[in-house]
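On a predicted model such as this, the values are computed, not experimentally measured, just so you know.
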Amino acid sequence: MAQATFHFPRGFLWGTATAAHQVEGGNTNNNWYAWEQEPGRILNGEKSGLACDWWGGRWREDFQRAADGGQNTHRLSVEWSRIQPTPDRWDETALDRYLEMVRALTEMGMMPMVTLHHFSDPLWLMEKGGWENPAVAGYFETFVRRVVETLKDYVSMWCTINEPNVYATMGYVMGVFPPGKKDVAAYSRVTYNMVRGHAAAYRAIHALQPQARVGTAINYRSMVPAKGWFPPDHWVTRVQSALYNDAFARALQDGWVRLPLARKRVAEAKGTHDFIGVNYYTRDLVSFNLLKAGDLFSRRTYRSEAELSTTGFIANEPEGMFEAIKWARQFNVPIIITENGVEDPEDRLRPRYLAQHLQQVWRAVNFNWPVKGYYHWSLVDNFEWERGWSQRFGLWELNVETQARVKRASVDFFADVCRENGLSADMVARYAPEVFAQLFPN
Ligand code: FCB
């Protein structure tokens with residue numbers, strides 16, 4: 001057996017990521033709460049309810065679990081609808097609560113990374129047209145200023161918008177996130193305004209905190225033409241990947257938003273990322289399909305041999321992680337894996353998924369590519385949007401009724417990685433022996 005350790009650079013960030021609506025509970029003033037009340041919107045009619053009861057105070061015990069697990073950072077988000085319940089009111093208690101949370105993280109030895117927008121929007125904003133309304137960039141900037149003024153003694157890593165590409169695609173093309181539209185023109189408006197909102201936030205944060213590091217988290221899907229010999233599959237893969245993976249990050253690089261059938265200038269967005277956050281989960285096979293005009297003539301599937309997660313949501317394709325990092329290099333800024341993980345209530349696939357994906361991150365690090373950290377999604381099982389509680393992404397299992405946390409084997413595995421700042425042959429032999437020979441060949 002080969003004995004080796006895949007070491008990571010000194011100071012590498014190891015943590016988990018969460019999002020306010022998914023963990024806090026009781027967020028009744030946002031578009032997701034309203035969506036959960038509509039029949040047929042969430043699988044099995046489930047609701048976020050108390051979620052992980054962070055707003056009831058359980059954030060502290062979960063942060064302790066992360067700290068005990070050797071993590072040196074945590075990525076969390078703040079809920080706009082709590083902080084600014086109506087356009088003319090700030091909720092100081094909510095701001096104080098977030099301050100308490102980021103202070104506690106710091107005291108526990110975990111650097112907070114704060115996401116300012118993670119899918120959920122205040123109801124008042126949606127009444128004004130949400131991200132379709134050009135005024136949203138200004139509203140977002142005002143909100144961001146208030147948050148940064150409050151948290152800046154403890155936070156200097158900011159993620160403005162989580163997965164703008166998922167938000168726009170799911171809410172405005174697929175219609176499965178609120179507001180449930182299938183309208184490419186609306187999708188384009190939302191994407192354009194999110195670029196403007198990000199740019200406004202970037203400048204506001206730097207004005208308040210010159211040393212801040214500001215970026216976004218892009219959902220990168222690896223895409224491969226389904227039939228290598230069929231030019232239309234290549235063409236549609238290129239088009240899809242350019243829109244889905246590239247458009248947002250390129251806009252922050254050069255100030256041009258490339259939308260379906262149009263290009264729009266947002267001069268103030270040029271050069272507005274200090275790092276690029278990459279959320280990588282899986283890889284798609286893309287084929288050209290004339291019947292799918294609404295999906296820009298494409299159909300996505302997984303390789304038939306691929307190993308799938310419990311509900312079939314994710315195919316385990318670790319090489320896509322390497323490809324995602326390679327892709328992110330074009331932006332010439334530090335790269336952070338802001339999310340990666342798999343839904344797996346029984347924790348059968350997660351250990352090897354984790355080992356295989358970390359090996360790919362390590363490969364990239366070995367080329368001296370500037371990867372600075374890895375956040376696993378997620379710390380504890382949480383409310384998985386339109387898929388409700390059917391998908392379990394936590395290192396820790398959550399019993400939603402009793403709020404009990406139950407340790408999965410992956411908790412100890414990830415803790416070993418964080419403490420060692422590396423992935424060793426011993427760890428793989430212990431937690432994911434089935435991929436040992438693949439990861440550590442003789
Ligand atoms: C990402 C989201 C995150 C969670 C994971 C599984 O797209 O950012 O909130 O839903 O997927």
Side-chain angles (χ1 to χ4, degrees), residues 1-8 12-18 22-23 52 58 61-75 110 280-282 306-318 321 337 339-362 373-382 384 389-440:
M1 270 199 202
Q3 285 298 323
T5 299
F6 302 141
H7 281 293
F8 287 77
F12 198 79
L13 298 172
W14 291 106
T16 46
T18 54
Q22 295 179 272
V23 296
C52 308
R58 287 184 211 261
E61 54 170 283
D62 285 339
F63 286 178
Q64 195 59 56
R65 288 185 177 92
D68 293 344
Q71 299 174 30
N72 59 22
T73 181
H74 182 74
R75 172 174 175 238
M110 294 183 289
Y280 174 75
Y281 288 91
T282 196
E307 177 177 47
L308 299 185
S309 63
T310 314
T311 70
F313 188 63
I314 286 171
N316 180 19
E317 298 279 13
M321 171 64 94
I337 306 305
E339 287 179 27
N340 170 246
V342 67
E343 42 111 10
D344 182 18
E346 309 295 335
D347 211 37
R348 278 190 289 247
L349 170 58
R350 186 177 291 103
R352 67 175 167 276
Y353 181 98
L354 181 59
Q356 291 172 305
H357 284 74
L358 289 180
Q359 186 209 19
Q360 297 294 330
V361 178
W362 173 82
Y374 173 91
Y375 291 83
H376 191 77
W377 184 275
S378 182
L379 177 55
V380 183
D381 288 343
N382 56 53
E384 225 7 272
W389 293 100
S390 68
Q391 297 184 345
R392 302 304 181 109
F393 277 91
L395 293 173
W396 287 82
E397 178 184 334
L398 174 75
N399 179 320
V400 184
E401 277 72 49
T402 64
Q403 284 294 322
R405 274 74 171 152
V406 181
K407 198 197 241 192
R408 295 190 170 111
S410 291
V411 169
D412 292 327
F413 181 17
F414 192 56
D416 285 357
V417 170
C418 297
R419 288 202 199 93
E420 176 73 27
N421 194 24
L423 175 72
S424 73
D426 282 347
M427 294 174 203
V428 175
R430 177 142 176 228
Y431 297 104
E434 67 281 12
V435 292
F436 188 92
Q438 184 208 340
L439 265 52
F440 298 96

To the nearest 0.5 angstrom, please state how far the CG atom of N316 sits from the CG atom of L308.
9.5 Å
From C52 SG over to Q22 CD, what is the distance, rounded to the nearest 0.5 angstrom?
9.0 Å
Does L398 reach the side chain of N382, with side-chain heavy atoms less than 4.5 Å apart?
no
List the steps, then state whether side chain to side chain contact (heavy atoms under 4.5 Å, CB included) holds for H357 with V342.
CA-CA 11 Å; H357 284 74; V342 67; over 6 Å; no
Ignoring hydrogens and geometry, is there a side-chain-to-backbone donor-acceptor pair from Q71 to T16 under 3.5 Å?
yes
So that I know where these two stand, are Y281 and W377 an aromatic pair - ring centroids less than 6.0 Å apart?
no
Using modelled atom types only, decide if a donor and an acceptor are shared between the side chain of S378 and the backbone of T18 within a distance under 3.5 Å.
no
Which residues pass the ring-ring contact (aromatic ring centres under 6.0 Å, His included) test with H376, sequence neighbours left out?
F414
Kindly give the heavy-atom pair with the smallest separation between T282 and A315, and that separation in Å.
OG1-O, 2.8 Å
Which atom of H7 lies closest to which atom of W362, heavy atoms considered
O-CD1, 3.1 Å
Applying side chain to side chain contact (heavy atoms under 4.5 Å, CB included), run through D344 and Y353 and close with a yes or a no.
CA-CA 10 Å; D344 182 18; Y353 181 98; over 6 Å; no
Member of R405, R408, Q391 meeting the side chain to side chain donor-acceptor pair (under 3.5 Å) criterion with D381
R408
Closest non-hydrogen atom pair, R58 against E61:
O-CG, 3.1 Å
Enumerate donor-acceptor pairs with a distance under 3.5 Å from any side-chain N or O in residues 431-439 to protein atoms, sequence neighbours excluded.
{"unit_1": "Y431", "atom_1": "OH", "unit_2": "D416", "atom_2": "OD2", "d": "3.2"}
{"unit_1": "E434", "atom_1": "OE2", "unit_2": "R352", "atom_2": "NH1", "d": "2.7"}
{"unit_1": "Q438", "atom_1": "OE1", "unit_2": "Q356", "atom_2": "NE2", "d": "3.0"}

Which is it for T310 and R348 under the side chain to side chain contact (heavy atoms under 4.5 Å, CB included) test, yes or no, and what are the steps along the way?
CA-CA 10 Å; T310 314; R348 278 190 289 247; over 6 Å; no
Output the distance between atom CD (E343) and atom CG (L349), rounded to the nearest 0.5 Å.
9.0 Å
Do the side chain of N72 and the main chain of C418 share a donor and acceptor less than 3.5 angstrom apart?
no
Within the 4.5 Å heavy-atom criterion, are V428 and F440 side-chain neighbours or not?
yes
Nearest 0.5 Å please: distance from the CZ atom of F413 over to the CG atom of L423.
5.0 Å
Atom of Y374, atom of V361 and distance for their closest heavy-atom approach
CD1-CG2, 4.4 Å
To the nearest 0.5 Å, how far apart are CG in N340 and CZ in F393?
10.0 Å
Between R350 (side chain) and G341 (backbone), is there a donor-acceptor pair under 3.5 Å?
no
Hey, is R65 close enough to D62 for a salt bridge, meaning N to O under 4.0 Å?
yes
Can you tell me how far CZ of F63 sits from CE of M110, rounded to the nearest 0.5 angstrom?
6.5 Å
Does T73 reach the main-chain N or O of W14 with its side chain, forming a donor-acceptor pair under 3.5 Å?
no
If only side-chain N and O atoms count, and only distance matters, is there a donor-acceptor pair under 3.5 Å linking E420 with T5?
no
Does E317 reach the side chain of Y280, with side-chain heavy atoms less than 4.5 Å apart?
yes
Find out whether F8 and V417 are in side-chain contact, i.e. whether some heavy atom of one side chain is under 4.5 Å from a heavy atom of the other.
no
Qualifying residues under side-chain contact (heavy atoms from CB on, under 4.5 Å), relative to Q360, sequence neighbours excluded:
P318, E319, M321, F322, R363
Given 3.5 Å as the limit, does a donor-acceptor pair link the side chain of D347 with the main chain of A409, or not?
yes
